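What follows is a single structure, written as structure tokens, with notes after it.
What you are looking at is a predicted structure, and each value in this text was computed from that prediction instead of being measured. Numbers restart at 1 for each chain; the letters A, B, ... are given by sequence-line order, proteins then strands.
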Amino acid sequence: MSDNAIPMPSRRALLGATGRTLSVSALAMVTGSGIAGISSAHAADPSQDVDILNAAIALEYEGIAAYQIAATSGLLQPAVVEIGVTFQGHHKGHRDILVKAVETLGGTPVTEKPLEEYAAGLNVASLRNQEDVLRLALRLEQGAANAYLGLIPSLGVNFHQVAGQMAGDEAFHAAILANALGEPIPKAALIFG
Amino acid sequence: MKFRLSIALCILAAFFFGTAFAGPAQQSSPQDARRMPTGDSVVPDTVSQALLERGEKLYVRRCGGCHSLDRNRTGPRHRGVYGRKAGSVADFRYSKALQLLNLIWTAETLDRWLENPAAVARGTSMGFRLGKADERKAVIAYLKSLSDTAERQGKN
């Protein structure tokens, strides 16, 4: 498909976009970026930000569900459950920030799916012990950190900082999980992204 | 006289055997055979095992936040994606942009997609970009190898 085939946005969409662009200061309050004066690289198409942020919300919902399933699986020691619940709280914090951002942009945040759908998608039926659960959590956290870093170039500049902060949280989780699993410390720099 | 005759015979023998066997010797060399394609030869498979292994590692770490090979998650499952029509996994809810995208996933289209998804389908919810060309090449080779396997097993 050539770029020429991409449909032009309708007048209504453009007007909506203008309205959304005007709410940049409100958006900065939501994300805490404090960069309201900087125009967005995607000011002409904030609806693209809505679509991408909604995918991030979906990612966070999956993370929340994964920790919920793990905490109630009976496979984890109490101390590990406590750490998992703390990490889940971070993911809930991410979700709340992203939901507010989508709403501020005039979009509709995606909703949570039933827990069993997440369980099927993550193939939790294959988990047999605590190490299996920790390895799944590690894969998800590594993937999430890389996902946030990889979507920064596609997001408007107002969201770069918050996406970086979320990537940092996911990388922190991954480091803790990798340490618990006895994984070696990566020798090369630029571990993520 | 005998000496001269011996030299002449040696030269003749060398000429005869050299001419007679030089050709077949060159044709039977495996190395030369690989270098010299014949009319019905196929393009050698240049995808190395190392590239596939790198592609798998990159896939797990970079794509694994949202995708799996066999299960739909935030994004659709990927086994068999190479050669498949975009937006065609039946039980996955795609964005409107992907539903309308008339595209077959090939090395070229996947490369463009991974470099900047919104440039291929504006309105896609996939914002992730894989910026380095060599990393895209490895991931695409890995996905293609899975599609080849799926096709052979009738699971595509």
Side-chain angles (χ1 to χ4, degrees), chain A residues 1-3 5-9 13 42 45 47-63 65-66 110 113 117-124 126 136 138-156 159 163 167 170 174 186 191-193, chain B residues 56-78 85-87 89 91-106 108-110 112-132 135-136 139:
Chain A
M1 179 182 170
S2 71
D3 286 350
I6 296 172
M8 292 297 292
H42 289 237
D45 191 11
S47 63
Q48 185 67 67
D49 283 344
V50 168
D51 295 323
I52 293 168
L53 293 171
N54 258 330
I57 293 171
L59 180 73
E60 296 294 346
Y61 274 134
E62 184 187 59
V110 293
K113 294 189 288 188
E117 281 194 41
Y118 294 110
L122 297 171
N123 193 23
V124 297
S126 66
L136 172 63
L138 175 59
R139 282 202 307 275
L140 294 177
E141 296 287 7
Q142 285 174 331
N146 283 319
Y148 277 115
L149 293 171
L151 61 78
I152 287 173
S154 296
L155 276 173
F159 296 106
E170 316 294 13
I191 297 164
F192 293 95
Chain B
E56 181 177 8
K57 281 183 185 170
L58 284 166
Y59 177 82
V60 170
R61 285 186 161 247
R62 304 293 176 82
C63 313
C66 295
H67 293 275
S68 295
L69 292 179
D70 298 305
R71 294 166 189 274
N72 294 332
R73 292 173 51 213
T74 303
R77 60 182 181 268
H78 273 155
K85 185 185 180 303
V89 172
D91 53 351
F92 184 79
R93 288 189 295 266
Y94 287 95
S95 65
K96 195 79 175 173
L98 265 287
Q99 290 174 31
L100 296 174
L101 186 61
N102 185 20
L103 196 80
I104 301 294
W105 293 124
T106 63
E108 190 266 333
T109 56
L110 281 169
R112 285 168 49 209
W113 173 257
L114 291 172
E115 186 178 21
N116 184 359
V120 176
R122 187 175 297 172
T124 175
S125 55
M126 177 162 151
F128 177 83
R129 299 186 191 186
L130 196 54
K132 293 179 181 174
E135 293 184 346
R136 294 197 300 273
V139 169

Quiz item: Hey, mind stepping through B:Arg129 and A:Leu151 against side chain to side chain contact (heavy atoms under 4.5 Å, CB included) and telling me if it holds?
Solution: CA-CA 6 Å; B:Arg129 299 186 191 186; A:Leu151 61 78; over 6 Å; no

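Interface remark: of the candidates A:Ala58, A:Gly143, A:Gly150, A:Ala145, A:Gly150 forms the most heavy-atom pairs closer than 4.5 Å to chain B. Top candidate by heavy-atom pairs under 4.5 Å with chain A, chosen from B:Gly131, B:Cys63, B:Ser125, is B:Ser125. For the options B:His67, B:Arg62, B:Lys132, B:Arg77, heavy-atom pairs under 4.5 Å to chain A are most numerous at B:Arg62.
Between the CD1 atom in A:Ile57 and the OG1 atom in B:Thr74 there is a gap of 11.5 Å [rounded to 0.5 Å].
Counting only distance, with no hydrogens or angles, the side chain of A:Gln48 and the backbone of B:Gly123 share a donor-acceptor pair below 3.5 Å.
Taking each heavy atom of A:Ser154 and B:Gly127 in turn, the nearest pair found is OG-O, 2.6 Å. Nearest heavy-atom pair, B:Gly65 versus A:Leu59, reported as atom, atom and distance to 0.1 Å: O-CD1, 2.8 Å. The shortest non-hydrogen separation linking A:Ile52 to B:Thr124 is CG1-O, 4.4 Å.
By the side-chain hydrogen bond (donor to acceptor under 3.5 Å, both in side chains) test, A:Glu60 pairs with A:His91, A:His94, A:Tyr148, sequence neighbours left out. A:Glu117 meets the side-chain hydrogen bond (donor to acceptor under 3.5 Å, both in side chains) test with no other residue; sequence neighbours excluded.
With a 4.5 Å cut-off on non-hydrogen atoms, A:Glu62 touches chain B through its side chain but not through its backbone. B:Ser68 touches chain A through its side chain: at least one heavy atom from C-beta onward sits under 4.5 Å away, while N, CA, C and O do not.
No side-chain heavy atom of A:Asp51 sits less than 4.5 Å from a side-chain heavy atom of B:Arg122. With a 4.5 Å cut-off on side-chain heavy atoms, A:Asn123 and B:Arg71 count as touching.
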